[in-house]
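Working notes, beginning with the structure itself.
So that the names make sense, note that chain A is the first sequence line, chain B the second, and so on, each numbered from 1.
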Amino acid sequence: MEPMDLHPQTASREIAKEEEGAQVKVENGKPVVVIMVGAPGSGKSTFCDHVIRTSARPWVRICQDTIGNGKAGTKIACIKSASNALEEGKSVFIDRCNMDGEQRGDFLKLGNPEVEKHAVVLDLPAKLCISRSVKRTGHEGNLQGGKAAAVVNRMLQKKEFPKLAEGFTRITFCHNEKDVEAAMNTYSTLGLLDVLPSGCFGLKNPEAKVQLGIMRFLKKVDIPGKDGLVESNPQHSSDNQSAVEKDSGSRRPANDSAPSEYVHMDVKNTVSQESGSSIRTNSVYSIPTLAFPSISTADFQFNLDKASDIIVEKVEEFVSKLGNARLVLVDLSHGSKILSLVKAKAARKSIDSKKFFTFVGDITRLYSQGGMKCNVIANAANWRLKPGGGGVNAAIFSAAGPALETATKERAESLAPGKALVVPLPSTSPLSIKEGVTHVVHVLGPNMNAQRPNCLNNDYVKGCKVLGEAYSSLFEGFASILSTQGWMPKESNEKSLKSQNQIESKHHDGDQKVKREALNECMGGKKSKIFCNELKPNFSHSVDRKGNIEGRKNVESLNEFERNKNSGGFLKELKPSASHSVDRKENLDGRDDTGMNKAWGPWAQSLYQFAMHPERHRNDLREILDDVVVLDDLYPKARKHLLVLARVEGLDRLADVSKEHLPLLNTMHAVGLKWAEKLLNENESLVFRLGYHSEPSMRQLHLHVISQDFDSKHLKNKKHWNSFNTPFFRDSVDVLQEVSKHGEAIIRDDDSFRSMELRCHRCRSAHPNIPRLKTHISSCQAPFPGVMLDNGKLVFAPGRIR
DNA sequence: GTTCTAGAAC
DNA sequence: GTTCTAGAAC
């Protein structure tokens, strides 16, 4: 392959000149087809109109609603019209919903292949689209008023994000008004001769953070049979894609003389020339990928031959355990000795080159310049975990901005040789925005450089051991990240899903134990390797307490354990409000140590009084036991809504729960289950769910046992609904597992859940307000989503068809 | 947690 | 005018 010595834009024009008649197009600029993707009310027309009004280049908006002399026309008419506009050198907006790949397909064939196809995805909250389309008048497609909500809902149900693989060169995702404005600006200021960078932009899922479970569910529904998805990335991938990219990466000779800045173009040309496919098929993936530099070989002067042996050995050990996730060894230099050594040794060991390959490029620009999306990158850190010092460490800290330093500091202050530290990268970091990196894993290897601290003085026995440990820690850290994103090796996943579908599975202790051990093995069996000075002392690996409920879904929870341990602060990420930090100690009145917040108001004390003095409230209680009392919620949010109250002084909320409370939590669950079953005897049409609010309004830990009809006059507002139907509601089965494994429950409490859009818990349709939601749920008979059926979260009457 | 109510949304 | 939300008070 010839080195690229042209500027990308120049290169495009050079290519264009070779095409017959392309000269004219160059003079007129390069027309582009922008396919708008979005539900009615998402603002597609507004977007187009704005750009057309303000842009220097000629644009045509093709709108199916008006194409027939101001009236609705056909798709064919749209294509014809768009084609004509392109002939005239005009750029084109395809202003229709284009919600799925099939609808977009025909428009992607427009013009000659030189015409870039872009997508602008207006993925705004369903509620906003609904309310806009409900209230608008004079809509071109006559979609307004009452029927709009239903249409929008239906469309959102089947929305399918565009993928580069469909044939787009550029996809811009807009999740909020600000994104929309930015995208409008981008296109408004797109001059006649300008070419926008290719790739996916703004790709993120704002719901992911607050609605992990729900997003997981949506993923499963949207794309059955696909695996290897990254939670935050709605892009899909295929084997074909992975093969193409693997080729483009591994085929690149180590001594390739192409300057690294042009790696992306290099890849593009290689692929389009050699396989006839285009850049579109290979620039973005959602295959979980860890890009890592060679550890210790640069500044720490570790022997390259020995280092390459260790890399290959560790890769071989882990690669098969990471499902279809990929490991990529990256080096900036084209003549990198370590890359060629590793490549040769990996080939000799027949390591699957789809799963592991080497790549020449800047680890901080793998996507923007190399066209390779890596959700996780490793940093060859220094022991202080500080920026600077040159090399990869300086580059990564610099590219990630201060956010990485802050996030790192929150988790650890130093790192020992052989250890790794997983740091979730804040979404504000440029590395996250531009490169799609979600996590940085700091790794510290052994030092053979006398100028640096902890020099091993050429002791390669120890050095090799430590370097091996460093890679193990790194790959374990990567595995733990995969698990947090709902991804895990397929085999374990299938196995655990199988056993999760039935409530009865809760007693399959033996089986679970085997799996847990298998996974332990899979994770390297050396969990203590990952260093973190925030590690809580009460973590224990002897998790096999009685098995039963906490034994379920063990794969995921073990991974969660790893996650918490590794990052030492993942819980914090899930609960950004500092008041819920796991270390908080509270006084009995709920005021924390700072005395600043969270005193329980007088109205919040009633449950506490029930728990402490049940005999005074005998008439209001269903059951009084030594450890718990059971009562009807005073304001039930469903036909049946009971509370199981803990009778321990000082146990006010889920955040107060620690491992010592496990027996109590088990009792609460068992009593809750008993009552659910009792109520099911009275009315077998009910379905129950047991769980805790992440942050309760009422003092004294209480388990909600609530029927899933939500048929109650007391369910009045968003907060009511969302507190039972978002991740804010923590299923008792999950809490038991978490506490059993990690000694604490995950709290999902940021205030956003209150204002989250209202979605039916069964069919997931969105509704503009509480009354409409209630009308809907009173008749929705859709089966419950898989995630709710998993792990025995729902309790049905025996024999009932779900 | 609920109730009350101003004012936004319809 | 009526419906609905959200914030303050309790």
Nucleotide dT5(C), atom P - distance to CG of Asn717(A) in whole Å: 8 Å
Passing candidate, side chain to side chain contact (heavy atoms under 4.5 Å, CB included) with Leu607(A), options Met698(A), Arg699(A), Met612(A): Met698(A)
Separation of dG7(C) P from Lys719(A) NZ (nearest whole Å): 11 Å
Electrostatic pair Arg800(A):Glu684(A) at N-O distance under 4.0 angstrom: no
Sugar-phosphate, base or nothing in reach of Lys716(A), heavy atoms under 4.0 Å: sugar-phosphate
Parallel, tilted or perpendicular, as decided by the 30° and 60° cut-offs, for the rings of Phe47(A) and Phe93(A): perpendicular
Touch class at under 4.0 angstrom, heavy-atom based, for Pro602(A) against every strand present: nothing
Near-parallel close stack of Tyr635(A) and dG1(B) base (under 5.5 Å, under 30°): no
Nearest-Å distance for atom pair NE2/C1', residues His641(A) and dT2(B): 14 Å
Whole angstrom value for the distance that separates C1' of dT5(C) from CG of Leu758(A): 11 Å
Phosphate contact (dG1(B) OP1 or OP2) by His720(A) side-chain N/O below 4.0 Å: no
Mutual orientation of the aromatic rings belonging to His704(A) and His702(A) [parallel < 30°, tilted 30-60°, perpendicular > 60°]: perpendicular
Sugar-phosphate, base or nothing in reach of Leu634(A), heavy atoms under 4.0 Å: nothing
Atom-to-atom span, CD of Gln700(A) to P of dG1(B) - whole angstrom: 14 Å
Pairing of Asp734(A) and Lys793(A) as salt bridge, 4.0 angstrom limit: yes
Per Lys637(A) side chain, nearest of listed nucleotides dG1(B), dA6(C), dC4(C): dG1(B)
Side-chain N,O (His714(A)) to OP1/OP2 (dG1(B)) below 4.0 Å: no
Atom pair distance, as rounded to whole Å: CE in Met756(A) and P in dT5(C): 16 Å
Distance, rounded to the nearest Å, where Trp603(A) contributes CH2 and dA9(C) contributes C1': 11 Å
Rounded distance (Å) that lies between atom C1' of dT5(C) and atom CD of Glu757(A): 17 Å
